[in-house]
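Both ligands and their constituent atoms are indexed starting at 1 by order of listing.
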Amino acid sequence: MQYDHLLVRYGELTLKGTNRKMFVNQLKDNVKRALIPLSGYHVKGKRDRMYIELSPEADINEIIQRLSKVFGIKSISPVIKIDKNEEKINQSAIQLSHDFEKGSTFKVDVKRVDKSFRLDTYELQRQVGGAILKENNNITVNVKNPDYEIKIEVRMDAIYIYEKVIAGAGGLPVGTGGKTLLMLSGGIDSPVAGIEVMKRGVTVEAIHFHSPPFTSEKAKDKVIELTRILAERVGPIKLHLVPFTEIQKQINKVVHPRYTMTSTRRMMMRISDKVVHQINANAIVNGENLGQVASQTLKSMYAINHVTATPVLRPLLTLDKEDIIKKAKELGTFETSIQPYEDCCTIFTPKNPVTEPDFDKVIKYESVFNFDEMIENAVENIETLTIDQNYKSAKEQSTDSLIKDLF
Ligand code: ATP
Ligand code: MG
């Protein structure tokens, strides 16, 4: 079937009253960016829906696949656009019906916005249904529970005919909801947490703490790859890599072994707070989940959160682990997250971290050393990468150019 347009339906943004124009424009930008470097399409964003005109050479499956990751899209339909000619309606509907399985049932559903069209809804349904039956002797009509539904929209500008409705990612267009800093660890949870906030239209920059040489280059590459996967949905993402070795060593020197985890998280939070201000973000996001591990009891969150007045968003707070894993699989981050490269926390994790840290003790242990200068130093030495969906690590790039030189 040769479709000539994609019909893109908006999600919740239709509810957004006066902001609607801004939402539509942002979505249009996001759609265009998601389709780079494909060709053979033209995006037209209208008030109530978007049309993507396709030329014959367009890779429609690839375009749909990319669009299905863009937030703010409720659903997508490949459509045939025709002028208001009854014979053409029949021909197009018959073409669609050729894809129906033998012995299946169908119905024709008409939406008639242009009230001046000669046939009314019921007449058009009957006429097209009749034309389809005449051409196919192995399918029947079932109005209540059909296998296929041919939809005909008689609009003011043209008639649109389609059958498939493909679910979009829902949510709001990224870029309409402010900016956050995502604490991205390389584990299963934090990438999912990031995607959850992106879905609400929020722009995300990521921060990762690493402790070379205790953590390897591979662990860093894993975080880069996770950022790249997130970038498939929203375009380029900034990843701030924080050198954390000195701070971790110092924590291990001065803090009671059972409390090092708590202090580590507090230092991460202090640094994140500084970066939030530097990048003009308004919140921190992390993958914490109530009760999962030692650092994630309420008492622990209290002690960790105490270092910042910035809102800390925890989109996974109340989910069950198996639901987070399911989401990670659906979102395509799971396989990367479970690669076994050590994270800065795993290496320095005490055998028996306190699960219910006593806040006064936390303060007491940390007071032995003034961490301010180390924190400043770590912030000053942040390495920031901009990762887009086609990003390759420096290593891959050099291998690529070596191969190129060979040929
Ligand atoms: P995750 O699967 O996201 O690693 P987790 O269940 O392993 O989560 P923790 O390791 O306790 O939980 O981390 C809690 C949160 O703290 C993470 O979700 C992440 O947001 C943040 N975090 C932990 N380690 C790092 C790190 N090295 N860099 C940046 N953020 C981190
Ligand atoms: Mg972790």
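- For the residue pair Asp147 / Ser104, no side-chain donor-acceptor distance below 3.5 Å is found, with atom types taken as modelled.
- Between Phe209 and ligand 1, at least one pair of N/O atoms sits closer than 3.5 Å.
- Counting heavy atoms closer than 4.0 Å to ligand 1, residue Leu184 contributes backbone atoms (N, CA, C, O) but none from C-beta onward.
- The option with the heavy atom closest to atom 14 (C) of ligand 1, from among Gln296, Met261, Met269, is Gln296.
- Residue Asn289 does not touch ligand 1, judged by heavy-atom distances below 4.0 Å.
- Between Asp48 and Arg155 there is a salt bridge, since at least one side-chain N of the basic residue sits less than 4.0 Å from a carboxylate O of the acidic one.
- The heavy atom nearest to atom 23 (C) of ligand 1, out of those in Arg265, Met268, His210, is found in Arg265.
- Remark: ligand 1 atoms within the under-4.0 Å shell around heavy atoms of Ile188 are 2 (O).
- For Phe23 and Tyr10, the distance between ring centers is not under 6.0 angstrom.
- In summary, Glu322 and Lys326 do not engage in a salt bridge, as defined by a charged side-chain N under 4.0 Å from a carboxylate O.
- Between Asp120 and Arg126, no side-chain nitrogen of the basic residue sits less than 4.0 Å from a carboxylate oxygen of the acidic one, so the salt-bridge criterion is not met.
- Among the atoms of Met183, some N or O lies under 3.5 angstrom from an N or O of ligand 1.
- Every atom of ligand 1 is numbered from 1 in the order shown, and the set under 4.0 Å from a heavy atom of Asn286 is 20 (O).
- At a 3.5 angstrom cut-off on N or O pairs, Gly287 counts as close to ligand 1.
- Using cut-offs of 30° and 60° for the angle between ring planes, the Phe371 and Phe369 rings count as perpendicular.
- Counting the atoms of ligand 1 from 1 in the order shown, those under 4.0 Å from a heavy atom of Ile207 are 29 (C).
- Close approach of ligand 1 to Gly187 is summarised as follows: ligand atoms under 4.0 Å from at least one heavy atom of the residue are 1 (P), 2 (O), 4 (O).
- With respect to the salt-bridge test (charged N to carboxylate O, under 4.0 angstrom), the residues Lys151 and Glu153 do not qualify.
- Taking 4.0 Å as the cut-off between side-chain N and carboxylate O, Lys222 and Glu225 do not count as a salt-bridged pair.
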